Amino acid sequence: MCGIIGYTGSGSAKEKILDGLEILEYRGYDSAGAFFIDEDNFHIVKTKGKVSNLKDEVKKLEGQEFPVGFGHTRWATHGEPSRENAHPHKVGKVTLVHNGIIENYIEIKNRLSKIGYTFNSETDSEVACALLDSYFKENAHPCVAIWEAERVLIGSYAFVFSFEGYKNELFAIRKGSPLHLGRGSDGFYLASDLTALSPFAKEFYTLKEGEIVEISTSDAKIHTKNGVISPIWEKNEIRYQKTGKLGYSHYMLKEINEQPSLVRSCLSGYIKNGLPNFEKANLSYDALEKIKRIHLVACGSAMHASLLGKRFLEEHAKIPCEVFVASEYRYSPPLFEENTLVILVSQSGETADTIASMRYAKDRGNLTLGIINAPGSTLAKESDFCIYTEAGAELAVATTKGYLTQALVLYLFSVFLSLNSKKINEENAKSLVCTILSVDTTIRKTLARQKELSRLAEKIKNAPSLFYIGRGLDYYLCLEGALKLKEISYINAQAYEAGELKHGTISLIENGTPVVAFATSEMLFEKTVSNLKETKSRGAYTILFSGKFSNDMDKIADECFLLDGNTREELIFSLILSLQLLAYECALQKGCEIDRPRNLAKSVTVE
Ligand code: M6R
């Protein structure tokens, strides 16, 4: 993870770096740091915690302006979150910031220790810095040292460096981790994502692996092994808007509330004359017609959305689908048949394991489709095709609208595939499109019931552990419900297939253990209710989220939340909103840090 921003130009490096770091904070917020340099001196400022702490420290440099600088926001991998482990690191004549992991850092550290290097932090990044310093010779260009180090370093990295004697220049290299060069009216920029570039640079160049970029206040050069080239600029289409929370107490709540209007805005670009149409995504309809098997690969909530996608695709398009956790995909190892489509689902488009899975599938000749939110991200660029989920910037670490729009797009794509392969006719397809579009009204109703969910949250918020149970697709929703609760309210929530509980886990049920059951399918209702009752008989405090499938709904569990809507789709999406609000309310009542939960980062760019 970690976010990097660098600047050289006629503007104020302090301002650019701090503004850029604020945008990049979603990548980690354990500590932050910055480096500023001018003709006469340099400053390294580091703080534990958020970028706002760094801002306070940088204020102390009041009255001083710098044309060159870089900054870093950290998600700890090697070494606890602390000021010492925060970046930038300076060893000898080299200062750097790093995003990624150096796998062979211990071996390098031992070697460097023997020749006199000492280390102030526990990080792999400081070791890389020392390695660069050991290779940097006064009479040679910094590229020589960077390429020497590149041959030795194993792992993933994006580095920005400053070398003594090169006060006006910054250097950068990447492997595995993203890094973009930006050109603005007042200088050049380096950033981990295009959003952080967008307020400053309308043009960008994505560094290729092995290239070294050198920026000065007036020029940008790319050093390749075959000589120096000029960057070929692309237009940065991202328009970052600093909207703030718009009156909501948290970004998560703001993003939850955006969901009803997102249903149409996310899907309408892919609907023409009432039918799904993915021309905008440049999909090859011919290639898709031949698809015999689908792999959906993703992490966390995106993987949970993929499970919903599996259900929609199998139900509508009748194509066998398998869902893989991206970090396990390459090791399963997956069996590819001819005409396997590999769908990568990711909000950020920068999740390292999902990127590695995409490359693995592509290298083996498979067609890849990204279902991505962040424009211009690595997955969006490198997948053969890309469907954007159009959710807009998601800032809360816990995904809500990101997940919902992934589920919506997968639904529409399933209808598209079934129509494209003539499994359904246009009339059926139109009716399915209407069904999914109509969930906006339903979820608006659920949104208005936040108070009811707040009351339920009061009942479970102090439980040390809790179970979510459901069958079929409801189990997939349980997985998401449990993750949301764990992530932001730190309750040990486990999702279980309702029928599986009695094969061992039911022994954990004690007096008062909350068990929350999900029932959006009338067909599975009775069975799920029986399983819920089994826990109630053993002392569980039971809560049921369900469609109205019985006249005695209020007698089944200790609490019953009747979902909004009538169709299966409406109930599913009403449940999604409910589980998000329930987790939000629990976290709120417990006083947790909702938008920036402990130990997490929004974008997981390390494997
Ligand atoms: O950016 P991605 O969709 O690839 O991220 C995948 C997961 O890291 C993400 O969904 C994570 O599980 C969320 N924080 C859950 O709310």
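All values below were derived from every heavy atom in this structure, side-chain atoms included, with hydrogens, water molecules and symmetry-related copies excluded. Small disclaimer: the values here were computed from a predicted structure and weren't measured.
Contact annotation: the side chain of I294 approaches that of L417 to within less than 4.5 Å [non-hydrogen atoms, C-beta and beyond]. Considering only heavy atoms from C-beta on, V342 comes within 4.5 Å of Y329 through its side chain.
Pairs of residues two or more places apart, or lying in two chains, that qualify as ring-ring contact (aromatic ring centres under 6.0 Å, His included) and include a residue from residues 408-429 are F278-F413, F278-F416, Y285-F416, F312-Y411, H316-Y411, F413-F416.
Side-chain atoms of K527 do not come within 3.5 Å of backbone N or O of R471 as any donor-acceptor pair. Proximity of a side-chain donor or acceptor of K590 to a complementary backbone N or O of S489 within less than 3.5 Å is detected. With E480 contributing its side chain and A305 its backbone, the two residues share no donor-acceptor pair below 3.5 Å. Remark: the backbone N or O of T354 is not paired with any side-chain donor or acceptor of T351 at under 3.5 angstrom. Under the 3.5 Å distance criterion, the side-chain polar atoms of N366 are matched with a main-chain donor or acceptor of A361. In terms of modelled atom types and a separation under 3.5 Å, the side chain of N273 and the main chain of L275 share no donor-acceptor contact. At least one donor-acceptor pair closer than 3.5 Å links the side chain of D595 to the backbone N or O of M252. In this structure, the side chain of N373 engages the main chain of A391 through a donor-acceptor pair within 3.5 Å. At least one donor-acceptor pair under 3.5 Å links the side chain of Y490 to the backbone N or O of R598. Judged by distance alone, the side chain of K401 and the main-chain N or O of A393 form a donor-acceptor pair under 3.5 Å.
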Does T378 form a side-chain contact (heavy atoms from CB on, under 4.5 Å) with R359? I'd like the steps, not just the answer. CA-CA 11 Å; T378 306; R359 292 181 181 154; 3.8 Å; yes
Side chain to side chain donor-acceptor pair (under 3.5 Å), that's the test. Do E315 and S414 meet it? Break it down for me. CA-CA 8 Å; E315 234 171 66; S414 74; over 6 Å; no
Under the side-chain contact (heavy atoms from CB on, under 4.5 Å) rule, what do E209 and R174 come out as? Steps first, then yes or no, please. CA-CA 6 Å; E209 297 198 353; R174 78 172 191 106; 4.2 Å; yes
Would you check, one step at a time, whether the test side-chain contact (heavy atoms from CB on, under 4.5 Å) holds for F545 with L582? CA-CA 11 Å; F545 285 78; L582 183 66; 4.1 Å; yes
Chi angles and distances behind the salt bridge (Lys or Arg N to Asp or Glu O under 4.0 Å) call for K461, E585: CA-CA 9 Å; K461 67 176 185 215; E585 283 295 335; over 6 Å; no
Give the intermediate values and the outcome of side-chain contact (heavy atoms from CB on, under 4.5 Å) for residues V415 and I424. CA-CA 8 Å; V415 180; I424 55 171; 4.2 Å; yes
I would like to know whether S574 and T446 meet side chain to side chain donor-acceptor pair (under 3.5 Å); could you show each step before the answer? CA-CA 6 Å; S574 170; T446 309; 2.9 Å; yes
Using the salt bridge (Lys or Arg N to Asp or Glu O under 4.0 Å) rule, take E350 and R27 through it: C-alpha gap first, then chi angles, then the decisive distance, then the call. CA-CA 10 Å; E350 296 295 354; R27 300 176 79 94; 5.7 Å; no
Q589/S454 under side chain to side chain donor-acceptor pair (under 3.5 Å): CA gap, chis, key distance, verdict: CA-CA 9 Å; Q589 290 172 26; S454 165; 3.3 Å; yes
For a salt bridge (Lys or Arg N to Asp or Glu O under 4.0 Å) check, start with the C-alpha distance between R455 and E559, then their side-chain angles and the critical distance, and finish with the verdict. CA-CA 10 Å; R455 198 184 55 78; E559 297 283 347; 3.1 Å; yes
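Of the N and O atoms on the side chains of R330 and S357, not one donor lies less than 3.5 Å from an acceptor on the other residue. Residues Q259 and T400 bring no donor and acceptor atom of their side chains to less than 3.5 Å of each other. If you check the side chains of S421 and K423, you find a donor sitting under 3.5 Å from an acceptor. T389 and Q347 form no side-chain donor-acceptor contact under 3.5 Å, judged by distance and modelled atom types alone. If you check the side chains of D474 and T520, you find a donor sitting under 3.5 Å from an acceptor.
Taking each heavy atom of C386 and A281 in turn, the nearest pair found is O-CB, 3.2 Å. Between T340 and I291, the shortest heavy-atom distance links the atoms C-CD1, 4.3 Å. In terms of heavy atoms, Y476 sits closest to H304 at O-CB, 4.4 Å. Of all heavy-atom pairs between L296 and L410, the closest is CD2-CD2, 3.8 Å.
If you take OG on S265 and CD on E390, they are separated by 8.0 Å, rounding to the nearest 0.5 Å. Here the CG-CG distance, from L308 to L477, works out to 5.5 Å after rounding to the nearest 0.5 Å. To the nearest 0.5 Å, atom CG of residue L194 and atom NE2 of residue H180 are 4.0 Å apart. With values rounded to the nearest 0.5 angstrom, L588 atom CG is found 11.0 Å from L581 atom CG. Annotation: the span from Y29 atom OH to L600 atom CG amounts to 5.0 Å, rounded to 0.5 Å. A distance of 10.5 Å separates CG in L262 from CG in D440, rounded to the nearest 0.5 Å.
For H295 and F324, the ring centers are positioned less than 6.0 Å apart.
Taking a cutoff of 4.0 Å between a charged side-chain nitrogen and a carboxylate oxygen, K272 and E279 qualify as a salt bridge. With salt bridges taken as basic N to acidic carboxylate O contacts below 4.0 Å, none links K50 and E25. E337 and R293 are joined by a salt bridge, as a carboxylate oxygen and a charged side-chain nitrogen come within less than 4.0 angstrom of each other.
A side-chain contact (heavy atoms from CB on, under 4.5 Å) with C586 is found for exactly one of I594, L456, L485, namely L485. The only option from L367, I343, T368 that meets the side-chain contact (heavy atoms from CB on, under 4.5 Å) definition with F385 turns out to be L367.
Within a 6.0 Å radius of CG in N566, other residues, nucleotides and ligands contribute 12 heavy atoms or fewer. For L246, the CG atom sits in a packed shell: over 12 heavy atoms of surrounding residues, nucleotides or ligands are nearer than 6.0 Å.
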